[in-house]
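Here the structure comes first, spelled out in structure tokens, and everything after it is commentary.
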Amino acid sequence: MKLRIDQKLLADAARAAHRRLPNNPINPILAGLLIEATGEQVTISGFDLETSTRAVLHADTLETGEALVSGRLLADVAANLPAGPVDVVADEREVTVTAPGTVFTLPSMTRGDYPALPTPPGAAGSIDGDLFAERVGHAATVAMAPKEAVGSRLHFGGVHVSTDGAVFTVEASDGYRIARHVIGWQPDTAEAGELLIPAADFATTVKQTAGGRVHLGFPGAGGGPASIASDTLTVTSRTIASEYADLDAHFPNPEAAAGSAVFDAEELTAAVKRAALVNDAEGKSIQIGFGDGHATVRGGHGGPTGSSRVDCETDSLDGFSIAYNPHYLASLLAPIGGQVRMWFTTPTKPALIEPVDDPTYRAVCMPVRLK
């Protein structure tokens, strides 16, 4: 294999493919990156048996072929080469990387031992990559921690995406809160689709593919990987083998609410974080009480205390008080930049959270029962 390629293109591709590789894989061959040169296109791929990453870049191919080399070494070497053209020559024994005044020789790994890369499913449609990354990134903060998402709660460890026509929904829950985003997208097929990917992996993938249109491929009826692809990077990811819970029934009906309050989302978030400063342990609750046309957010129990007054428009809430985990509430308020309405039923039932001027986001937060 012989090819000439721009240093920045090589460095970016090697970094993207290497980023998902394990530091200490069970099988050392999984620490390698596969370089494939065909015609004017070069592909650099990494695979850890769960997630595969394929970076495609243009190069002058003098001799087609392929090589397997340490991902860490290739990424480090490519990043530190001088700017300009880079020559890569490989045989069964070694890969030589040459730039003006610089030569690196890297040992080849055994290509025959490398596992076959999964075939990405066909694209079902496309979506704005930056918006997708933002929404999935937020939903991932609401998903359950991996060590807790086991057994019957396995699905809580992922971010769920579903489509029905032009409606594209991103949602996550940890059993105590729900975040749901609706995004417009361009379907390539009339069929509905869904996928459930571990939250942290999903957030990393969509961040890598942001910057343009992103194409999604859903697993087939018999299972298999999902795919997320930009113009230069394709990622296939294992999906969680668990049916996602139907969360619709857990969204409170505003018509059954005892009352509601409209806040400035940033002011309420700041008050919640201030009140939490005097809590003596993570997870301690803050309280929100209503009266005289404003809310008071209090923190601290049996020791230091703190409170903040927050102006709000209330409906039938005088004397009402409710408590929340401050981290949970702040995380659900995070995507809202303007006014937010919270619908309350009782101090022991979940509240519905909705931006006043944005119908694309809804959230649910369970309260904390006070002793």
Side-chain angles (χ1 to χ4, degrees), residues 51 121 123-146 149 153-189 191-219 225-230 235-240 242-251 265 328 330-337 340 350 352-355 357-365:
T51 302
S126 65
I127 194 168
D128 179 272
D130 291 333
L131 183 61
F132 189 40
E134 181 181 309
R135 300 298 187 260
V136 171
H138 173 252
T141 66
V142 176
M144 185 176 286
R153 301 189 296 178
L154 186 63
H155 60 282
F156 283 136
V159 172
H160 181 246
V161 166
S162 61
T163 66
D164 187 3
V167 178
F168 187 99
T169 303
V170 177
E171 60 187 353
S173 174
D174 61 358
Y176 300 98
R177 50 190 167 155
I178 303 171
R180 174 179 287 177
H181 297 273
V182 178
I183 315 172
W185 90 313
Q186 295 178 355
D188 294 336
T189 173
E191 297 181 5
E194 64 175 337
L195 57 83
L196 179 62
I197 296 178
D201 289 346
F202 206 167
T204 298
T205 296
V206 295
K207 186 176 181 179
Q208 284 185 287
T209 54
R213 299 297 296 181
V214 169
H215 302 268
L216 270 72
F218 295 107
S227 68
I228 304 167
S230 66
V235 178
T236 66
S237 178
R238 74 170 178 91
T239 53
I240 297 175
S242 175
E243 184 175 353
Y244 199 71
D246 183 1
L247 300 179
D248 287 344
H250 298 284
F251 280 84
Y328 288 176
S331 70
L332 297 176
L333 295 171
I336 305 173
V340 58
L352 176 64
I353 301 171
E354 297 179 317
D357 298 321
D358 181 7
T360 66
Y361 175 65
R362 303 178 80 204
V364 176
C365 193

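Starting from 1, each residue takes its place in the sequence as its number.
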Side chains of [X] and [Y]: closer than 4.5 Å at any heavy-atom pair?
| X | Y | result |
| --- | --- | --- |
| R177 | S331 | yes |
| L216 | I127 | yes |
| D188 | S126 | no |
| F132 | T209 | no |
| V182 | F168 | no |
| D358 | I336 | no |

Can you tell me how far the [atom1] atom of [X] sits from the [atom2] atom of [Y], to the nearest 0.5 Å?
| X | Y | atom1 | atom2 | result |
| --- | --- | --- | --- | --- |
| R180 | S173 | CZ | OG | 10.0 Å |
| C365 | L352 | SG | CG | 11.0 Å |
| F156 | Y244 | CZ | OH | 7.0 Å |
| E243 | L154 | CD | CG | 12.5 Å |
| R153 | M144 | CZ | CE | 4.5 Å |
| I178 | L247 | CD1 | CG | 4.5 Å |

Which one of V136, I197, I228, V214 satisfies the side chain to side chain contact (heavy atoms under 4.5 Å, CB included) criterion with T205? I228
Quick check: are there more than 12 heavy atoms from other residues, nucleotides or ligands sitting under 6.0 Å from CZ of F251?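 Yes - once you tally the heavy atoms of other residues, nucleotides and ligands closer than 6.0 Å, there are more than 12.
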Take a 6.0 Å sphere around CG of D164 and say whether it holds more than 12 heavy atoms from other residues, nucleotides or ligands. no
Please identify each residue that fulfils side-chain hydrogen bond (donor to acceptor under 3.5 Å, both in side chains) with D246, with sequence neighbours left out.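 None.
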Would you name the heavy atoms of [X] and [Y] that are closest together and state the gap between them?
| X | Y | result |
| --- | --- | --- |
| V142 | A172 | CG1-O, 3.7 Å |
| F218 | P121 | O-CB, 3.5 Å |
| L332 | A179 | CD2-CB, 4.2 Å |
| A143 | G158 | CB-O, 3.9 Å |
| S242 | L196 | O-CD2, 3.7 Å |
| A203 | A140 | CB-CB, 4.0 Å |

Selection residues 134-143 - residue pairs positive for salt bridge (charged side-chain N to carboxylate O under 4.0 Å, His left out), sequence neighbours left out: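 Of all non-adjacent pairs touching residues 134-143, none passes salt bridge (charged side-chain N to carboxylate O under 4.0 Å, His left out).
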List for me each residue that meets side-chain contact (heavy atoms from CB on, under 4.5 Å) alongside R238, sequence neighbours excluded, and say none if there are none.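 R238 satisfies side-chain contact (heavy atoms from CB on, under 4.5 Å) with E50, P198, I240 only.
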Treating [X] as the side-chain partner and [Y] as the backbone partner, does any N or O pair qualify as donor plus acceptor under 3.5 Å?
| X | Y | value |
| --- | --- | --- |
| T163 | G193 | yes |
| R362 | E354 | no |
| D130 | A133 | no |
| W185 | T169 | no |

Would a line drawn from the ring center of Y361 to the ring center of H138 be shorter than 6.0 Å?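 When the ring centroids of Y361 and H138 are compared, they turn out to be within the sub-6.0 Å range.
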Looking only at side chains, do H160 and E194 share a donor and an acceptor under 3.5 Å apart? yes
Go through it in stages, so that I can follow the logic: the residues are I183 and T360, the test is side chain to side chain contact (heavy atoms under 4.5 Å, CB included), and I'd like the CA-CA distance, side-chain angles, deciding distance and then a yes or no. CA-CA 7 Å; I183 315 172; T360 66; over 6 Å; no
